[in-house]
K.L.:
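Structure below; questions to follow.
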Amino acid sequence: MPELPEVETIKRTLSRNITGQKIKACEIRLAKLVRPEPEIFSDLVKDKKILGLKRRGKFLLFHLSQDLFLLFHFRLTGQLIYTQNGPEPPYTHLRFDLENGKLFYADLRQFGTIEALRKDELLHHPSLLKLGREPFDLTAEEFYSLLKGRRRKLKALLLDQSVIAGLGNIYVDETLFRAGLHPAREASSLSFKEASNLHQIICEVLQEAIATGGSSVRNYVDGEGKNGRFQEQHLVYGKRGKPCPRCGTLISYTTIASRGTHFCPVCQR
DNA sequence: GGGCTCCTGGAT
DNA sequence: ATCCAGGAGCCC
């Protein structure tokens, strides 16, 4: 599920509710979800205070007291929902009991992961070390240099978390449409002007998506269980066979970079 | 690069 | 009954 805007929204909506609270206990019902194993995980987080939340790419990080960290990755259907006294969401696999409420991790497809890490383990975490730059931190020149010399398809490159962190299938399709670029274009074929424009559009789309609370196309909800609204702004994602909002040509749907891909065959070159 | 895998459920 | 789904690690 969540790409950068959704994880950022979860971070913000949770942060205001749980920062400063202590984890009194946690119940793990799906052992493979956590690392290390459940008994150790529970012992590690018990009585730790939540000091703050951060996002890196599609990862969410809790900074706990005693320099312990929780690293969440939601994959496709993970949800992290805080409530003071509301009901438990369906597919809940883990429950944190906080001082003033409960924090549920739910995940229909069970692909998500939650790791408890010491600071030195966090700093040497392979997935985090491999991660590319945050889109907002790049200059146009730096973004252009990421594309230069890459013979891969533009879409494959943008989905690669080691190149740029945080984009997923929805936002790649949406940004490439807005930039008028074909997803199968060779990345290195972009001019500086095209690359610079694409980078600016990526930043604008992600900012707008964050401002509207992310895209709820399937089962994404924020840290308070609420839907986002950016799906209302989608122009091509999920619009196969519908007219292109710019030229009226029917939106194509094919597989590119092993992912379902929506684009306008006329507007995107 | 692409294919397979981890899972469950909704659409066709 | 079959295909498809906001992800990514592992295998050629």
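Note on naming: letters A, B, ... go to the chains in the order of the sequence lines (proteins, then strands), and numbering restarts at 1 for each one. Computation of the quantities below employed the complete heavy-atom set of this structure, encompassing side-chain atoms and omitting hydrogens, waters and symmetry-equivalent molecules.
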K.L.:
To the nearest Å, how far apart are Leu129(A) CG and dA8(C) P?
P.N.:
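Taking atom P of dA8(C) as the reference, CG of Leu129(A) is at 16 Å.
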K.L.:
Between Tyr105(A) and Phe74(A), what is the ring plane arrangement, given parallel below 30°, perpendicular above 60°, and tilted in between?
P.N.:
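It falls in the parallel class, under 30°.
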K.L.:
Going by the angle between their ring planes, with limits at 30° and 60°, are Phe59(A) and His125(A) parallel, tilted or perpendicular?
P.N.:
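Geometry flag for His125(A) against Phe59(A): perpendicular rings.
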K.L.:
Would you mind telling me which of dC6(B), dG9(B), dA8(C) lies closest to the side-chain atoms of Lys32(A)?
P.N.:
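Side chain of Lys32(A) sits closest to dC6(B).
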K.L.:
Examine dA8(C): is either OP1 or OP2 under 4.0 Å from a nitrogen or oxygen in the side chain of Gln161(A)? Give yes or no.
P.N.:
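The answer is yes; a side-chain N or O of Gln161(A) sits under 4.0 Å from OP1 or OP2.
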K.L.:
Send over the distance from Arg109(A) CZ to dA8(C) P, rounded to a whole Å.
P.N.:
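In whole Å, dA8(C) P lies 13 Å from Arg109(A) CZ.
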K.L.:
Nearest whole Å is fine: how far is dG7(C) P from Leu71(A) CG?
P.N.:
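Going from CG in Leu71(A) over to P in dG7(C) covers 17 Å.
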K.L.:
If you measure from the P atom in dC4(C) to the same atom in dG3(B), how many Å do you get, rounded?
P.N.:
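Nearest-Å result for dC4(C) against dG3(B) at atom P: 13 Å.
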K.L.:
Under 4.0 angstrom, heavy atoms only, what part of the nucleic acid is Tyr237(A) near: base, sugar-phosphate, or nothing?
P.N.:
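The residue Tyr237(A) makes sugar-phosphate contact but no base contact.
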K.L.:
Would you kindly give the NE2-to-C1' distance between His73(A) and dC6(B), to the nearest whole Å?
P.N.:
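My rounded result for the distance is 14 Å.
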K.L.:
Going from CG on Leu108(A) to OH on Tyr91(A), what distance comes out if it is rounded to the nearest 0.5 angstrom?
P.N.:
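Reported value, rounded in 0.5 Å steps: 4.5 Å.
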K.L.:
Has Phe111(A) got its ring stacked on dG7(C), by the test of a centre gap below 5.5 Å and a plane angle below 30°?
P.N.:
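Check passed, Phe111(A) stacks on base of dG7(C).
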K.L.:
Take atom CZ of Arg56(A) and atom C1' of dG7(C), then tell me their distance rounded to the nearest Å.
P.N.:
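Interatomic distance, CZ of Arg56(A) to C1' of dG7(C): 17 Å.
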K.L.:
Under a plain distance cut-off of 3.5 Å, with no hydrogens placed, do His234(A) and Ser215(A) share a side-chain donor-acceptor pair?
P.N.:
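There is such a pair (donor and acceptor under 3.5 Å, judged by atom type) between the side chains of Ser215(A) and His234(A).
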K.L.:
If pairing requires Watson-Crick or G-U wobble contacts with both distances under 3.5 Å, which nucleotide is the partner of dC7(B)?
P.N.:
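Partner of dC7(B): none.
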K.L.:
Any idea which of dG9(C), dA8(C), dG7(C) is nearest the Ser127(A) side chain?
P.N.:
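When the side chain of Ser127(A) is considered, dG9(C) is the closest of dG9(C), dA8(C), dG7(C).
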K.L.:
Please state the P separation for the pair dC10(C) and dC7(B) - nearest whole angstrom.
P.N.:
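Approximately 16 Å lies between the P atom of dC10(C) and that of dC7(B).
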K.L.:
OP1 or OP2 of dA8(C) less than 4.0 angstrom from a side-chain nitrogen or oxygen of Lys58(A), does that happen here?
P.N.:
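Indeed, a polar side-chain atom of Lys58(A) lies that close.
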K.L.:
Between Arg75(A) (CZ) and dT5(B) (P), how many Å, whole number?
P.N.:
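It is 17 Å, rounded to the nearest whole Å.
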K.L.:
In whole angstrom, give the distance that lies between atom CG of Leu76(A) and atom P of dG9(B).
P.N.:
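Rounded to the whole Å, the gap is 15 Å.
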K.L.:
Just to be sure I understand the rule, does Gly260(A) reach a base, reach only the sugar-phosphate, or reach nothing, if contact means heavy atoms closer than 4.0 Å?
P.N.:
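Here Gly260(A) touches the backbone only, sparing every base.
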K.L.:
Just the rounded figure in Å: distance from C1' of dG9(C) to CG of Asp160(A).
P.N.:
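Rounded to whole Å, this separation is 13 Å.
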K.L.:
Do other residues, nucleotides or ligands put more than 12 heavy atoms under 6.0 Å from the NZ atom of Lys153(A)?
P.N.:
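At most 12 heavy atoms, drawn from other residues, nucleotides or ligands, come within 6.0 Å of this atom.
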K.L.:
Which nucleotide, dG2(B), dT8(B), dG7(C), lies nearest any side-chain atom of Tyr91(A)?
P.N.:
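Between dG2(B), dT8(B), dG7(C), the one nearest the side chain of Tyr91(A) would be dT8(B).
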K.L.:
Kindly point out which of dG2(B), dG7(C), dC4(C) is positioned nearest to the side chain of Glu3(A)?
P.N.:
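Selected nucleotide (nearest to the side chain): dG7(C).
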